[in-house]
Amino acid sequence: MIDVREGPRLRGAVRVEPALWCAGFVFALVLPLALPVPYYVSTAITALMFVALAVAFDIVVGRIGALSLCQPVFFGFGSYAAAILATRHGWSFGAVLLLSMAAAVVLALAIGVPSFRLSLHAFAIGTLGFAVIAMLVARNWVGLTGGPLCMTGVPPLSVAGVELTSLTAQYYLILAMAAGTIGVAFAIARSRLGLALTAVRDDPVLAGARGLSPTAFRLTAFGISAALSAGVGVFNAYFQSVVCPENLDLSYTTALLIMVFIGGRSSLRGVVAAALLFTVLPQMLRLTEEWRLVIYGLVLLVVVITIPDGLERAFQAAGRLGRRRTQPTPVENDERRETMSGKR
């Protein structure tokens, strides 16, 4: 039996989340104007970069349930592609961005085709092997990547002939890229592709019997994630003006795993919130350098223990609590019925 009282509550719940997203975007627009120190703007830029990377990573981990450990490969690939093409060939930001994202899809296919032939447990180890290979190439192919000496001299960021040298201008560019990444993830979640990815994740055998190719859909999600990550890597090269092998370090994988699993897999708002929290928090804890790692570990431990299913579960609990408070009590329902009967 359907409870008719559920109708208004569900309609109200649908209207709340878009309003929160809009409020968050407006806050992000005015944030650099309220930050007095350039260091804070730089921290905000880094936070938005990790938001985009975490959302792109969740397309693989959350949507198809594949634990990829080679996400820094695509981020570093975009950074090195930007540094090489901009410093040695004079390419513009737009051309580098498009070519890097397209090449990252090809690279994702080269990694994904053999890796997805493995079981999902072995898939993680296989992608870890590709990550180690990429790191070794970046460190030892000195003629191409500069090796441990890094690649320096990346020209200033320029879009459509306008140089974006100020931190505020670069902030708005990465904000647009992060918003675009969130938009892509949202569109995937609400499309037939998202339904197909969910079916492949939950039961690949049944999905294959229904005519859905698990490998094809996994490669599609893997390629989209790689392209978005490479785009962030291109921005990072211009933002840092130097690209080093550390851009492919496994510490990026660790940070992204924390953000996705603490936020909640397949939860867009949870992943975004966790990415912001665990990017800004370490920067704030630099004020207490001796206790920074201890406090960070304690915060992470408390979150894992108190919210084992991620921040998404906390958001859902808060939403249910808000709906209970706005739901009319039995006394109020009786008063409404008496009022309506009196009017009749």
Side-chain angles (χ1 to χ4, degrees), residues 42-62 66-83 104 107 111 123-140 145-151 174 178 181 225-226 228-237 239-263 265 271-286 288-301 303-304:
S42 178
T43 301
I45 291 174
T46 304
L48 289 175
M49 288 173 55
F50 272 101
V51 165
L53 287 174
V55 171
F57 187 46
D58 185 57
I59 294 177
V60 176
V61 177
L67 184 59
S68 171
L69 300 180
C70 69
Q71 201 70 11
V73 173
F74 308 117
F75 174 72
F77 174 80
S79 296
Y80 273 110
L107 179 61
I111 295 175
F123 173 81
I125 304 301
T127 54
L128 178 60
F130 282 105
V132 173
I133 292 172
M135 190 183 305
L136 293 175
V137 169
R139 288 180 178 174
N140 297 306
T145 65
L149 299 178
C150 305
M151 292 199 66
I174 189 59
T181 303
S225 176
L228 295 174
S229 299
V232 180
V234 170
F235 173 84
N236 177 71
F239 174 60
Q240 300 286 351
S241 73
V242 60
V243 180
C244 297
E246 286 72 19
N247 286 27
L248 291 88
D249 194 79
L250 293 179
S251 60
Y252 281 91
T253 301
T254 304
L256 293 176
L257 286 172
I258 291 174
M259 294 170 187
V260 169
F261 282 94
I262 294 297
R265 291 187 303 165
V271 171
V272 171
L276 292 174
L277 174 63
F278 289 99
T279 304
V280 176
L281 183 62
Q283 301 299 326
M284 295 175 60
L285 293 177
R286 289 186 183 277
T288 58
E289 192 66 31
E290 298 83 1
W291 296 94
R292 181 171 66 91
L293 293 178
V294 176
I295 297 175
Y296 182 81
L298 286 175
V299 171
L300 183 60
L301 187 62
V303 172
V304 170

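Here the structure is a predicted model, which means the values were calculated and not measured. Computed from heavy atoms alone, side chains included, the values below leave out hydrogens, waters and symmetry copies.
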Output the distance between atom OG1 (Thr46) and atom CD (Gln240), rounded to the nearest 0.5 Å. 6.5 Å
I need the Phe130 CZ to Ser68 OG distance, nearest 0.5 Å. 10.5 Å
Closest heavy-atom pair and its distance - Gly78, Val234: O-CG2, 3.4 Å
Heavy-atom closest contact (Gln71 atom, Ser225 atom, distance): NE2-OG, 2.8 Å
What is the minimum heavy-atom distance between Leu248 and Met135, and which atoms define it? O-CE, 3.3 Å
Keeping the roles fixed (side chain from Ser229, backbone from Phe75), state whether a donor-acceptor pair exists under 3.5 Å. no
Stepwise, does the side chain to side chain contact (heavy atoms under 4.5 Å, CB included) test hold for Leu250 with Leu128? CA-CA 9 Å; Leu250 293 179; Leu128 178 60; 3.9 Å; yes
Which value, rounded to the nearest 0.5 Å, describes the distance between Ile174 atom CD1 and Phe235 atom CZ? 4.5 Å
Just wondering, do Val61 and Leu256 contact through their side chains at under 4.5 Å, heavy atoms? no
Closest heavy-atom pair and its distance - Arg139, Pro148: O-CD, 3.3 Å
Carefully, step by step, assess Leu67 and Leu257 under the rule side chain to side chain contact (heavy atoms under 4.5 Å, CB included). CA-CA 9 Å; Leu67 184 59; Leu257 286 172; 3.4 Å; yes
Identify the two heavy atoms, one from Ala131 and one from Val73, that lie closest to each other, and give their separation to 0.1 Å. CA-CG2, 3.6 Å
Can you tell me how far OG of Ser79 sits from CE of Met151, rounded to the nearest 0.5 angstrom? 11.0 Å
Test your reading of the model: is there a side-chain donor-acceptor pair from Thr279 to the backbone of Leu276, 3.5 Å cut-off? no
First locate atom CG of Leu69, then atom CZ of Phe57, and finally report the distance between them rounded to the nearest 0.5 Å. 6.5 Å
Working to the nearest 0.5 angstrom, can you tell me the gap between Thr43 OG1 and Leu48 CG? 11.0 Å
Between Cys244 and Tyr80 the two heavy atoms that sit nearest each other are C-OH, 3.1 Å
